[in-house]
Amino acid sequence: MASTIAHPSFTEETQAEAAQHDSEQWQNAQHCGQVIQMRSPRDTALDELAAIIDYLRANPGLPLPYIRWIEVSATRDEVEQVAEISGQPIDTSGSHPSVIVPFGDAAYRVFHVSDEQMAAHYAWSTDRGAVRPESESA
């Protein structure tokens, strides 16, 4: 089973709050009047990531990933939540507000792409720009 690696700036209180929320939301479900245990999508994803790490540790001859970042597209509120929990600042210097939580040479990056930016991206990528957002139409 995977172990939890806490970032030094995460407090025990914020870790406990996150664990409690996850537990309450996914722990039990009713099916035909019986309580059944469920796994959250979050637990499943974390176990899958841990399985990759376990596999690489068990097979030292395999190459490691070049990029050691986990990137997550999130809402603006989630970006702010990560900043608050981690104590890291929100970087607004690029095209997407983001928070980077470093773990040595690795990092957890959470960023927000606005609806307007996604519309522009979809327009640009559809027929190489033949479809444009309404704000750019003639």
Side-chain angles (χ1 to χ4, degrees):
M1 191 53 79
S3 61
T4 302
I5 301 174
H7 189 271
S9 64
F10 290 6
T11 66
E12 288 182 23
E13 181 179 339
T14 55
Q15 291 177 49
E17 287 174 9
Q20 180 67 27
H21 176 267
D22 197 37
S23 175
E24 289 173 359
Q25 186 173 7
W26 295 99
Q27 182 177 354
N28 298 312
Q30 295 285 332
H31 178 71
C32 298
Q34 295 181 340
V35 176
I36 57 172
Q37 292 291 103
M38 292 184 62
R39 292 187 42 78
S40 71
R42 177 185 177 86
D43 285 342
T44 300
L46 292 173
D47 286 348
E48 290 167 351
L49 290 170
I52 292 170
I53 292 168
D54 292 344
Y55 180 75
L56 291 171
R57 283 193 173 133
N59 297 283
L62 296 178
L64 293 175
Y66 171 71
I67 297 176
R68 294 184 180 144
W69 287 51
I70 294 177
E71 292 191 304
V72 179
S73 178
T75 67
R76 179 62 192 216
D77 288 345
E78 290 169 327
V79 170
E80 291 173 3
Q81 180 185 26
V82 171
E84 182 179 328
I85 291 171
S86 68
Q88 298 295 320
I90 297 175
D91 179 2
T92 58
S93 63
S95 58
H96 309 299
S98 64
V99 175
I100 298 173
V101 183
F103 295 87
D105 291 334
Y108 173 65
R109 177 178 179 252
V110 180
F111 63 95
H112 173 66
V113 180
S114 70
D115 291 341
E116 294 81 17
Q117 289 171 318
M118 283 307 299
H121 170 74
Y122 289 143
W124 175 83
S125 63
T126 303
D127 294 328
R128 298 185 183 176
V131 176
R132 299 182 183 167
E134 290 181 27
S135 62
E136 292 184 11
S137 61

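Computed from a prediction, not measured in an experiment: that's the story for all the values here. Residues: numbered from 1 along the sequence shown.
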With sequence neighbours excluded, tell me which residues meet salt bridge (Lys or Arg N to Asp or Glu O under 4.0 Å) with E71.
R109
Expected list for residues 93-104: side-chain donor-acceptor pairs under 3.5 angstrom, two or more places apart:
residue : atom : partner : partner atom : Å
S93     : OG   : D91     : OD1          : 2.6
S93     : OG   : D91     : OD2          : 3.4
H96     : ND1  : Q117    : OE1          : 3.2

In terms of heavy-atom contacts, V110 and A74 come closest through CG1-CB, 3.5 Å
Salt bridge (Lys or Arg N to Asp or Glu O under 4.0 Å) involving R68 - partner list, sequence neighbours excluded:
none
Do the side chains of I70 and I90 join up, straight or via other hydrophobic residues, at under 4.5 Å, putting them in one cluster?
yes
Before giving the answer on side chain to side chain contact (heavy atoms under 4.5 Å, CB included), spell out for I53 and L49 the whole-Å C-alpha distance, their side-chain angles and the decisive distance to 0.1 Å.
CA-CA 7 Å; I53 292 168; L49 290 170; 5.6 Å; no
Side-chain heavy atoms nearer than 4.5 Å, only ILVMFWY residues, links allowed to pass through others: does that put V72 and V82 together?
yes
Value for CG (N59) from CG (D54), rounded to nearest 0.5 Å, stands at 11.0 Å
Distance from R57 atom CZ to L62 atom CG, nearest 0.5 Å?
14.0 Å
